[in-house]
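Note that the coordinates shown come from a computational prediction; the quantities given were computed from them, not determined experimentally.
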Amino acid sequence: MQDDTIVRTPTEMQDFGGHCFKQNRWRQSQAKFHCSTKFNDDILAKRLESQPRLVVPCQNFAEARVVYCAAPAIGHNQEAHPECNSRVPAILEALEKAKLTPVHRLNEVLKIENFIPASLDNVLAIHNKNYVNGLEKVMDKAYEEGLIYLDSSGPTYATPTTFAESMLAAGAGIALVDTVVAASAVTGNPPLGFALVRPPGHHAIPDGPMGFCIFGNIAIAARYAQRAHGLKRVFIIDFDVHHGNGTNDAFFEDPDIFFLSTHQEGSYPGTGKMQEVGNGAGEGTSLNLPLPGGSGDKTMLTVFDEVVVPSVQRFKPDIILVSAGYDAHVLDPLAGLQFTTGTYYWLALKIKELAQELCGGHCIFFLEGGYDIVSLSNSVVDTFHAFLGEPSISPKVDNASVLYDEPISRARKAIDQIKAIHAL
């Protein structure tokens, strides 16, 4: 089967309802769609026809084990705010120092550079039109004032670039879905994806922003995977220290998207109770497990083996998406769990194994929380090591002296209760 070639005219400006933002310069050469896979779905066909895209050459897929995008949202920033524009650059610097970038790993680690923003249709598949249009319009006020607050939880702020950079963050997840699916068609063993993006997304509800989040990046990608690629059954694992209420709300009545969250009991935003199991056709496809403060590696390992694994196996997903929040780390300033870099390493390793066992390796991580820059960077680096099947850096960077006894009996009680509710 011959390769298809798509020629696109480069553009420097993308118009979102009158608010233009400058994109990366597209290469002036022709853009080739190297994969021989044919995408027949109308949604994907229209996307490919209407916008320039980067598709990783399929000859690279044979060696690829990790593919990632970065959207650091440099303009979306408030000084001294925990969700600031230093987060993603710090991760990228740590990956470079660890020699986990394409410069050092060639085709083993791939980075998609010129991905495009999500379309309005992509975002409107999750979010209310009035919210999206209103956010676009309020950028005028942000231009005038420099920084505005969108809601009081967090608080969630916006700058003149917030709308555009949030669209780009959502587009990163879509690009990774396309790439992982294309790689799967070519090799049968796709790389794991990681969207290193901000603003984060799992608190953003369908009707508005919340908790540092603007658009639901992982929710948008989940719906896109269903509609563009026919990946009907989507399993979302959210191990952020805070409940992913926005994602949960988006799919609370959807029987084809299973949302599983572990989070600290009593933490922001106060949702995610065990009894919140879904509604209507979606009853049983929401699993929320609040963990007592101080829970750490031992507790999470038990949760994974006794709750996560049987839930994923029973659901039989076509793709696994992960809200990867690193704020459950013991050093994170916004919460009180005791995860370590090593916890995130084996979480990534076990999720990778589940994806390979159950859904052909279709798996993409999305950056959510994580506000201690050092522990965040180390934990993402160790996630990459797990993806690559390499040893953890935990023995070098984790400090056992900061840990204290976990509330094992309270955690055990919570685990038993959630197993009974979901018949696990």
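Residue-environment remark: CG (Asp405) stays at or below the threshold of 12 foreign heavy atoms within 6.0 Å.
In this structure, CD1 on Ile205 lies 13.0 Å from CD1 on Ile126, to the nearest 0.5 angstrom. Expressed to the nearest 0.5 Å, how far CD1 of Ile237 lies from OG1 of Thr262 amounts to 9.0 Å. Atom CG of residue Asp249 and atom CE of residue Met210 lie 8.5 Å apart, to the nearest 0.5 angstrom. Separation of atoms CG (Leu403) and OG (Ser401) is listed at 7.5 Å; rounding is to 0.5 Å. Summarising the geometry, atom OG1 belonging to Thr341 is positioned 13.0 Å from atom NZ belonging to Lys396; distances are rounded to the nearest 0.5 Å. The distance from atom CG of Leu260 to atom CG of Leu287, rounded to the nearest 0.5 Å, is 4.5 Å.
Asp254 places no side-chain N or O within donor-acceptor distance of the main-chain N or O of Gly282, the cut-off being under 3.5 Å. Looking at Arg198, its side chain does come within 3.5 Å of a backbone N or O of Pro72 through a donor-acceptor pair. Using a distance-only test at 3.5 Å, with no hydrogens or angles considered, a donor-acceptor pair links the side chain of Thr179 to the main chain of Ala175. Under a 3.5 Å cut-off, the side chain of Ser377 and the backbone N or O of Ile373 do form a donor-acceptor pair. Gln264 contributes a side-chain N or O that, together with a main-chain N or O of Gly336, makes up a donor-acceptor pair within less than 3.5 Å. A donor-acceptor pair is defined here as one N or O able to donate and one able to accept, closer than 3.5 Å; no such pair exists between the side chain of Asn107 and the backbone of Glu63. Under the 3.5 Å distance criterion, the side-chain polar atoms of Glu83 are left unmatched by any main-chain donor or acceptor of Pro200. Judged by distance alone, the side chain of Asn122 and the main-chain N or O of Ser119 form a donor-acceptor pair under 3.5 Å. Of the possible donor and acceptor atoms, one in the side chain of Thr159 sits under 3.5 Å from a partner among the backbone N and O of Gly75.
A salt bridge does not link Arg105 to Glu96: none of the charged side-chain nitrogens sits closer than 4.0 Å to a carboxylate oxygen. Looking at Asp256 and Arg233, a side-chain N of the basic residue comes within less than 4.0 Å of a carboxylate O on the acidic one, giving a salt bridge. Taking the charged nitrogens against the carboxylate oxygens, Arg223 and Asp121 have no contact shorter than 4.0 Å, which rules out a salt bridge.
Donor-acceptor pairing under 3.5 Å is recorded for the side chains of Thr161 and Glu165. Between the side chains of His243 and Asn248, at least one donor N or O sits under 3.5 Å from an acceptor N or O.
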Check step by step if side chain to side chain contact (heavy atoms under 4.5 Å, CB included) holds for Lys316 and Leu358. CA-CA 6 Å; Lys316 296 180 175 61; Leu358 298 171; 5.7 Å; no
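Side chains of Asn378 and Asp398 form no contact here, defined as non-hydrogen atoms less than 4.5 Å apart. Under the 4.5 Å side-chain criterion, counting only non-hydrogen atoms from C-beta, Leu147 is in contact with Gln78. The shortest side-chain heavy-atom distance between Val66 and Glu108 does not fall under the 4.5 Å cut-off. Counting heavy atoms from C-beta on, the side chains of Met300 and Leu337 never come closer than 4.5 Å.
Partners of Phe258 under the ring pair (Phe, Tyr, Trp, His ring centres under 6.0 Å) rule, at least two apart in sequence or in another chain, are Phe235, Phe315. Under the ring pair (Phe, Tyr, Trp, His ring centres under 6.0 Å) criterion, His362 pairs with no residue, sequence neighbours left out. Under the ring pair (Phe, Tyr, Trp, His ring centres under 6.0 Å) criterion, His76 pairs with Tyr157, not counting sequence neighbours.
Separation of the Phe239 and Tyr344 ring centroids falls under the 6.0 Å cut-off. Aromatic ring centres of Tyr68 and Phe384: separated by under 6.0 Å. Ring centers of Tyr224 and His229: under 6.0 Å apart, within the cut-off. A centroid separation of 6.0 Å or more is found between the aromatic rings of Phe212 and His203.
Below 30°, between 30° and 60°, or above 60°: for Phe215 and Phe163 the angle between ring planes is above 60°, a perpendicular geometry.
Each of Leu92, Leu100, Val88, Ile91 was compared with Val380 under the side-chain contact (heavy atoms from CB on, under 4.5 Å) criterion, and only Ile91 meets it.
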